[in-house]
Amino acid sequence: MSMKKPKIGIARGVFPEVLAKLEAHFDVVSNQSDSVLTKAQIIAMLKDCDGAFTTGGDRIDAEVFVACPRLKIVANMAVGYNNFDIPAFNAAHVQATNTPDVLTETTADFGFALMMATARRITESEHFLRAGKWNKWGFDMFAGSDIHGATLGILGMGRIGQGIARRGSHGFGMKVIYHNRSKLDSATEESCRASYVTKEKLLKTADHLVLVLPYSPENHHTIGAAELAQMKPTATLVNIARGGIVDDAALALALKNKTISAAGIDVFEGEPSVHPDLLTVPNVVLTPHIASSSVPTRMAMANLAADNLIDFFAGREVRTPINNLPQRAGT
Ligand code: GLV
């Protein structure tokens with residue numbers, strides 16, 4: 001008896017090895033051209049699919065589930081899942097999965113790199129050099145701020161925040177303070193050498209503030225004009241969390257007015273568009289949402305998303321569920 005393979009849709013391009021692995025298990029519709037699909041195109045692709053492989057830019061909500069009634073699982077190749085409407089997943093009884101853990105250390109490396117590039121004005125000085133403006137050494141040329149010995153503030157102390165804290169305290173002798181929805185247990189605080197403070201104290205005390213909290217409507221513009229005004233004028237701000245956590249217009253103004261000294265931003269409100277004012281201020285390092293992008297880690301993320309689909313249709317527990325669906329009779 002030949003069993004019909006489940007059908008899955010892959011919303012964006014993916015590593016050929018991962019595509020081949022999925023093709024061994026599924027009837028696959030893929031988008032190897034890697035064009036960004038509109039909602040209508042996603043629906044057209046997933047209309048008769050049993051499962052989907054998505055990335056953080058693909059919005060999946062009730063509209064998709066109504067139009068694609070066969071969908072039973074959507075595997076996101078990202079740890080953040082603000083592109084998923086989880087109550088709609090639960091209502092439609094669709095499994096959601098993400099890719100935690102495999103990207104923690106790589107993303108923490110990048111957060112640290114962006115903080116260092118920001119504090120030491122790496123890209124700003126490179127632009128100066130490439131523009132042919134370097135004709136003499138100067139005693140305060142691109143003088144930035146120190147990392148070693150400085151106070152590192154972390155807003156959002158999950159796995160990635162803890163990785164950045166460890167790098168700062170163990171590797172660079174930084175004093176680490178953090179604010180989080182809940183205080184960590186003392187063993188975790190001890191391993192990170194980090195102390196819990198109020199958000200206000202964090203803003204006022206940090207020499208370098210790194211944002212690593214998940215996006216939710218409640219923390220939209222968690223860092224806006226009022227918060228930036230509380231920071232030290234010598235401080236730097238790094239956002240590797242999500243666009244929308246920072247008010248980008250307010251940030252551009254704060255950078256222009258030197259309310260803070262510099263920023264490093266990997267994620268933007270409305271990306272891939274970038275607020276035009278951010279493009280005109282020199283004291284900001286801008287990167288195109290690449291914090292998890294090392295070759296091994298992007299491969300691990302793609303494989304984890306694929307394995308969640310494979311395990312699900314083989315009747316096994318998915319590896320990294322976002323929602324826990326109640327068992328339904330007959331399934
Ligand atoms: C990237 O932004 C992710 O959430 O994995």
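We count ligands from 1, going down the list as the structure has it; atoms in each ligand are counted the same way. Numbers here are sequence positions counted from 1.
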Heavy-atom nearest neighbour in the protein, as seen from atom 5 (O) of ligand 1, with distance rounded to 0.1 Å: Val79 N, 2.8 Å
If you measure from the Lys or Arg side-chain nitrogens to the Asp or Glu carboxylate oxygens, is any gap between Lys232 and Asp207 under 4.0 Å? yes
Flag the pair Arg12 and Asp58 as a salt bridge only when some basic side-chain nitrogen lies within less than 4.0 angstrom of an acidic carboxylate oxygen. no
Under 4.0 Å to a heavy atom of Arg242 - the qualifying atoms of ligand 1, by number: 1 (C), 2 (O), 3 (C), 4 (O)
Checking the N or O distance criterion of under 3.5 Å, is ligand 1 in contact with Ala241? no
Any side-chain heavy atom of Val285 sitting closer than 4.5 Å to one from Ile122? no
re atom 1 (C) of ligand 1, the protein heavy-atom contact at minimum distance is His289 NE2, 3.4 Å
Answer yes if Tyr178 and Leu203 sit in the same cluster of Ile, Leu, Val, Met, Phe, Trp and Tyr residues linked by side chain heavy atoms under 4.5 Å apart, and no otherwise. no
Ligand 1 versus Leu103: contacting region, heavy-atom distance under 4.0 Å: side chain
Taking side chain as C-beta onward, heavy atoms only, is His208 less than 4.5 Å from Ser145? yes
